[in-house]
Amino acid sequence: MSEKDSVEIHVLSDPCNLCVVRAAVSAAADRFGLDEPARDKVVLAVDEAMTNVIRHGYKQRTDGAIDVTLSRVRDNGRSGIQVVIEDEVGPVDVERIARRSLDEVRPGGLGVNIIYESFDQVEYSPRPDAVGLKLTLRKYQPVPRAKESADRQ
Amino acid sequence: MSEKDSVEIHVLSDPCNLCVVRAAVSAAADRFGLDEPARDKVVLAVDEAMTNVIRHGYKQRTDGAIDVTLSRVRDNGRSGIQVVIEDEVGPVDVERIARRSLDEVRPGGLGVNIIYESFDQVEYSPRPDAVGLKLTLRKYQPVPRAKESADRQ
Amino acid sequence: MIDTQTIADGMIVRVKGDIDFSRSPELRQGLLGALRDGLDRIIVDLAGVQYMDSSGVAVLVELLQTQRKRSQKLVLCNMQPKVKGIFEIARLHLVFTIVNTVDAAMEA
Amino acid sequence: MIDTQTIADGMIVRVKGDIDFSRSPELRQGLLGALRDGLDRIIVDLAGVQYMDSSGVAVLVELLQTQRKRSQKLVLCNMQPKVKGIFEIARLHLVFTIVNTVDAAMEA
Ligand SMILES: Nc1ncnc2c1ncn2[C@@H]1O[C@H](COP(=O)(O)OP(=O)(O)O)[C@@H](O)[C@H]1O
Ligand SMILES: Nc1ncnc2c1ncn2[C@@H]1O[C@H](COP(=O)(O)OP(=O)(O)O)[C@@H](O)[C@H]1O
């Protein structure tokens, strides 16, 4: 752990742990400068990503390891949050993780869409030695267009 | 990590991490059945215990490791939360960690009092090989005296 | 997690608590288990739901599809702001009938 | 973190945000730095403080002691429930003058 304001969370793949991770993510996003709408998106998308690890990665086994690391990132003076979610499900084919079109109304297939809609950067990658999946998510606080809207008045 | 609903949190000893740990502790305590007054006490006391690790253990160094493990405990049918806080400050003399009397009004000296007032069980112990301090805290949801108060009406 | 109440042309289902993947299976069982022919109108009152993820939304989509297949109605009401958020991301706010109050849901 | 406003016999200090050990040093600097002789009444308005730990309480105790040494007053007002909790555990709710509103603090 390199950054002094990073937080690492280890849980098992039981859905009952989702609420604790959501609370931690929300508090970290707040500290890293995200406003409430941005925080809500980040919290929902992390929930979706963890749920996918539980459902698709661990096939609903509740004893798999999930590591969530929260840290601050910066980009062009904007502050943001990076969330890294790592599992130990073994080899994964990241090509198969894809968004479906939202035009069709059917249950399921929303999670990956929500993740891409909510975060500015989304990267699925296999972990070294085929240990499992690593998902890296970054979201920056949108710059308030205070100047622009002031100009318009 | 043995229990499927345990949550392990690793942070460095920077006070800016307190808020994230508080949020996680509050959500875990909620899930383990503690009502709001009990949760508030637990959150405050964990904050105090971590602050003590930062101030007295790491002498305000911000790069020391702190591990917080949250898990469910049960006692006589009551559900509760166990919080274990571990540091790597080296040898500690747990005898020196003591409550002061609250009769005297002066700044400081409240933390350990709050920890003992808030939790049902408090145990300070040295970690093996003098790695640091281990603090084990347990708090159970007080049994509602529903029957008794109903009888009184 | 859910309370049901019979009304003239169907029923009102009141859902309580955050709905994530730890609770959506139970919600699914409760909601789909309560279904039967002749429930012309199911009103799902979401006043008590502050948070819902896509696993909860999937249950409601399934319920909608079942009702539609039977030419029966599903109306959602009292949707809280954060829950509205996920319906919007999923572009489902235009697919569901969503109204503010239970009273409006009776007429929808 | 703090806003100050001058009043006839002293000043009002409005504190904002949760006060834990990440912010209490700044609070201490702000509060003690604003101190001077002749501030017969300092009112600390805690309406914006939802949470405080003992490091924040310690700052207020220090402020109380300084004011008392100068025979000047410190009044706390608009204390939120969770903050009241720590004052009670520390048995300091009887030591401080704590009133509900800024208006009451002017008269206390
Ligand atoms: N963590 C993951 N591990 C493996 N496969 C995944 C993961 N996340 C998503 N997928 C794949 O991507 C598909 C789309 O996921 P999603 O949009 O969340 O919808 P759903 O989970 O309802 O199928 C899943 O069906 C699955 O095949
Ligand atoms: N984690 C710790 N490591 C080492 N010493 C501690 C720790 N926690 C408490 N102590 C000792 O116990 C004393 C009382 O702590 P506390 O009641 O929190 O008041 P304060 O921190 O204001 O002194 C401290 O002054 C310190 O000597």
Requested in this report: State the SG-CG distance between B:Cys19 and D:Asp20, to the nearest 0.5 angstrom.
Outcome: 7.0 Å

Report summary line: Here the gap from B:Arg22 atom CZ to D:Asp53 atom CG, rounded to the nearest 0.5 Å, amounts to 7.0 Å

Query raised in the report: Quick one: which of B:Ile114, B:Asp40, B:Asp47 gives a side-chain contact (heavy atoms from CB on, under 4.5 Å) with D:Ile86?
Result: B:Ile114

Requested in this report: Report the distance from atom CZ of B:Arg106 to atom CG of D:Leu64, rounding to the nearest 0.5 Å.
Outcome: 15.0 Å

Report summary line: Rounded to the nearest 0.5 angstrom, the CD-CZ distance for B:Glu117 and D:Arg91 is 6.5 Å

Requested in this report: Counting only heavy atoms closer than 4.5 Å, note whether D:Glu62 contacts chain B via side chain, backbone, both or neither.
Outcome: both

Query raised in the report: Within a reach of under 6.0 Å around CD of B:Glu104, are more than 12 heavy atoms found that belong to other residues, nucleotides or ligands?
Result: yes

Report task. Identify the heavy atoms of D:Val61 and B:Pro107 that sit nearest to each other, and give their distance. Result -> CG1-N, 3.4 Å

Report summary line: Among D:Pro81, D:Gly85, D:Ser22, the residue with the most heavy-atom pairs under 4.5 Å to chain B is D:Ser22

Requested in this report: Kindly check if the number of other-residue, nucleotide or ligand heavy atoms within 6.0 Å of CD (D:Gln29) is above 12?
Outcome: no

**Report entry** Segment of B:Asp103 engaging chain D (4.5 angstrom heavy-atom cut-off)
**Finding:** side chain

Query - Proximity breakdown for D:Val57 and chain B, heavy-atom pairs closer than 4.5 Å - result: side chain

Requested in this report: Determine whether more than 12 heavy atoms belonging to other residues, nucleotides or ligands lie under 6.0 Å from atom CZ of D:Arg28.
Outcome: no

Query raised in the report: Nearest 0.5 Å, what's the CZ-NZ distance between B:Arg39 and D:Lys82?
Result: 7.5 Å

Report task. State, to 0.1 Å, how close B:Val105 and D:Leu92 come at their nearest heavy-atom pair, and which atoms those are. Result -> CG1-CD2, 4.2 Å

Query - Exceeds 12 heavy-atom contacts within 6.0 angstrom, atom CG of B:Asp93 - result: yes

Report summary line: d(B:Asn17 CG, D:Phe21 CZ) to nearest 0.5 Å is 13.0 Å

